[in-house]
Amino acid sequence: MSHTPCDACEELLQGYLDRELTESEVAQAESHLDGCDYCRRRYRFEESLRQYVQTTAVERMPVGLMEKLTQLRGGDA
Amino acid sequence: MGDTEPDIDGRRIATEARDRVRFEEEALALADQVYRVARRLVGTREEAEDLVQDTYGRAFRSWQSYTPGTNLRAWLLRILTNLNLDRGRKVQRTPDMQPIEEGDYYLANKMVEASGEQVLDQDRVVEKLSQDSIVNALSSLPHDFRDTVVLVDIGEFSYADAAQILDIPIGTVMSRLHRGRRLLKQELAQEAIS
């Protein structure tokens with residue numbers, strides 16, 4: 001069950017998820033994902049987790065804060 | 001001849017006033033996004049509100065040091081993270097090496113192990129991890145890691161922007177992000193498999 005040969009692609013897939021890879025690295029990551037079921041599943045999981053963290057951890061600005069910020073303005077609005 | 005000078009002066013003042021108003025409006029339009037990041041950098045809603053107010057106070061005073069056309073959201077966040085540091089948040093040395101650090105796929109693998117199936121979809125993530133557990137796991141991260149993870153994952157800043165905001169090299173952003181996310185998943189795994 002253990003799976004070790006994908007250590008190198010863990011690093012690559014982080015950058016892939018963050019859209020921070022160069023074109024050739026993107027191609028490298030995608031061709032790896034095409035061929036590696038193990039990584040593909042985990043990549044999808046990481047993607048879902050990232051989205052979930054983003055949506056659950058977001059708290060909107062409290063009512064009233066905008067008013068306070070507006071009062072800090074120095075320019076003549 | 002003599003009356004053209006006050007004219008130029010008047011025009012300069014009018015232009016400056018217009019630029020200032022424009023700056024303030026653009027900055028205020030970003031307030032909700034700035035608050036979202038602030039909220040996850042500090043422990044309470046009150047602290048986040050204070051921090052955002054201090055940030056805007058400073059931004060409005062030093063608006064002329066902003067270069068128009070550059071990333072205003074990053075500029076505001078840089079003020080905010082500096083203020084957050086100045087506030088003397090508890091100094092917390094980040095250990096150079098965490099004793100046990102699991103891999104990137106630790107959480108995924110634990111969930112597969114716990115369910116006995118190879119299913120790793122969004123529903124499973126949502127079913128296993130509550131909103132509270134995400135928020136708590138984020139706030140349990142050491143500050144340096146949390147700042148980076150929050151800027152990139154919540155604020156959706158690029159590595160380069162995060163590096164500029166935190167005034168650290170881009171390689172440091174990447175390593176803190178990498179380690180921060182691993183620690184986050186270790187935290188989450190405790191809930192997911194319990």
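For the numbers below, each heavy atom of this structure counts, side chains included, while hydrogens, waters and symmetry mates do not. In what follows, chains are A, B, ... by sequence order, proteins preceding strands, each numbered from 1. Please read all numbers here as calculations on a predicted model, not as lab measurements.
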| query | Taking it one step at a time, do Asp18(A) and Arg181(B) satisfy salt bridge (Lys or Arg N to Asp or Glu O under 4.0 Å)? | reply | CA-CA 12 Å; Asp18(A) 293 333; Arg181(B) 284 170 173 165; 2.9 Å; yes
| field | Contact class of Thr55(A) relative to chain B, heavy atoms under 4.5 angstrom | value | neither
| message | Need one label for Gln71(A): side chain, backbone, both or neither, based on atoms under 4.5 Å from any heavy atom in chain B. | response | neither
Checking heavy atoms, do the side chain of [X], its backbone, both or neither come under 4.5 Å from chain A?
| X | result |
| --- | --- |
| Leu28(B) | both |
| Gln33(B) | neither |
| Arg36(B) | both |
| Val150(B) | neither |

| task | Mind checking side-chain contact (heavy atoms from CB on, under 4.5 Å) for Arg12(B) and listing every partner two or more places apart, or none if nothing turns up? | result | Asp9(B), Glu16(B)
| query | Side chain of Arg39(B), backbone of Val58(A): donor and acceptor closer than 3.5 Å? | reply | no
| request: Without swapping roles, check the side chain of Glu24(B) against the backbone of Gly74(A) for a donor-acceptor pair under 3.5 Å. | output: yes
| Salt-bridged, Glu156(B) to Arg50(A), with N to O below 4.0 Å? | no
| request: May I ask you to say whether Arg45(B) pairs ionically with Glu59(A), meaning some side-chain N is under 4.0 Å from a carboxylate O? | output: yes
Do you know which of [options] has the most heavy-atom pairs with chain A at a distance under 4.5 angstrom?
| options | answer |
| --- | --- |
| Ile154(B), Asp153(B), Thr55(B) | Asp153(B) |
| Val37(B), Val52(B), Val135(B), Leu184(B) | Val52(B) |
| Lys185(B), Met174(B), Arg61(B) | Lys185(B) |

| remark: Within residues 157-170 of chain B, contacts to chain A at heavy-atom distances under 4.5 Å involve Ser158(B), Tyr159(B)
